[in-house]
Amino acid sequence: MNYWLLKSEPDVYSFDTLLNEKKGIWDGVRNYQARNNLKLMRNGDLAFFYHSNIGKEIVGVIKIIKEYYPDPTATDGDWVVVEVEPFCKLKKQITLEMIKKDLNLQNIGLIKQSRLSVMSIKKEEFDYILALSES
DNA sequence: GCCAACGTTGGC
DNA sequence: GCCAACGTTGGC
């Protein structure tokens with residue numbers, strides 16, 4: 001079981017859109033490192049849904065329900081998608097500002113690799129952020 | 001709108 | 001294989 005963080009600009013594709021649509025295809029990834037992470041995802045893995053640019057906060061958790069297959073929106077190259085469904089909405093959103101200030105989260109990919117859109121999250125980080133959102 | 005931090009491309 | 005030029009992401 002692995003944990004991930006997926007970024008999306010909410011004016012393009014938001015967590016609420018996914019909630020309404022019940023299920024989503026994570027397409028359009030055009031970065032090798034992000035793609036490699038997509039390929040490592042397994043059914044049942046959980047991922048944070050982060051809103052970049054607008055909000056700059058983790059808003060929910062999603063579950064991987066279908067492992068990678070070729071991205072139908074790609075005209076060339078070896079790009080892939082996974083399918084996801086909403087798992088839960090966070091009671092309290094966790095902002096980038098909070099994460100940056102939190103001494104327990106200084107090594108999180110969101111800060112270390114700010115441009116990567118699909119990254120892995122340590123179980124401790126995942127559990128810690130979930131606990132924060134409940135507090 | 002700007003810019004830092006990357007990633008990609010192409011000339012050499 | 002190196003590196004300059006350029007493009008993109010995302011925070012500010």
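Everything quoted here is computed from the prediction, not taken from an experiment. In the text below, chain A, chain B and the rest are named by the order of the sequence lines, each starting its count at 1.
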For [X] and [N], what is the distance between atoms [atom1] and [atom2] respectively, to the nearest whole Å?
X: Arg30(A); N: dT9(C); atom1: CZ; atom2: P; result: 11 Å
X: Leu116(A); N: dT9(C); atom1: CG; atom2: C1'; result: 11 Å
X: Lys7(A); N: dT8(C); atom1: NZ; atom2: C1'; result: 12 Å
X: Leu5(A); N: dT9(C); atom1: CG; atom2: C1'; result: 15 Å
X: Met119(A); N: dC6(B); atom1: CE; atom2: C1'; result: 13 Å
X: Tyr32(A); N: dT8(C); atom1: OH; atom2: P; result: 15 Å
X: Ile99(A); N: dC12(C); atom1: CD1; atom2: C1'; result: 17 Å
X: Lys100(A); N: dG10(C); atom1: NZ; atom2: C1'; result: 10 Å

Positive for side-chain contact (heavy atoms from CB on, under 4.5 Å) with Ile121(A), one of Glu125(A), Glu124(A), Lys123(A):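 That would be Glu125(A); it is the only one of Glu125(A), Glu124(A), Lys123(A) passing the side-chain contact (heavy atoms from CB on, under 4.5 Å) with Ile121(A).
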Apply the side-chain contact (heavy atoms from CB on, under 4.5 Å) test between Tyr50(A) and each candidate in Ile94(A), Leu96(A), Leu6(A); give the one that qualifies. Leu96(A)
Kindly say if Gln33(A) contacts the phosphate of dG7(B), meaning a side-chain N or O under 4.0 Å from OP1 or OP2.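 Checking Gln33(A) against dG7(B): at least one side-chain N or O falls below 4.0 Å of OP1 or OP2.
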To the nearest 0.5 Å, how far apart are [atom1] in [X] and [atom2] in [Y]?
X: Arg35(A); Y: Asn31(A); atom1: CZ; atom2: CG; answer: 9.5 Å
X: Arg30(A); Y: Asp71(A); atom1: CZ; atom2: CG; answer: 4.5 Å
X: Glu97(A); Y: Glu57(A); atom1: CD; atom2: CD; answer: 11.0 Å

Measure centre to centre between the rings of Trp4(A) and Phe49(A), then say whether the value is under 6.0 Å. no
When you measure from every atom of DNA chain C, which of residues 47-60 of chain A have a heavy atom less than 4.0 Å away?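 Going residue by residue through residues 47-60 of chain A, the ones with a heavy atom under 4.0 Å of DNA chain C turn out to be Tyr50(A), Ser52(A), Asn53(A), Lys56(A).
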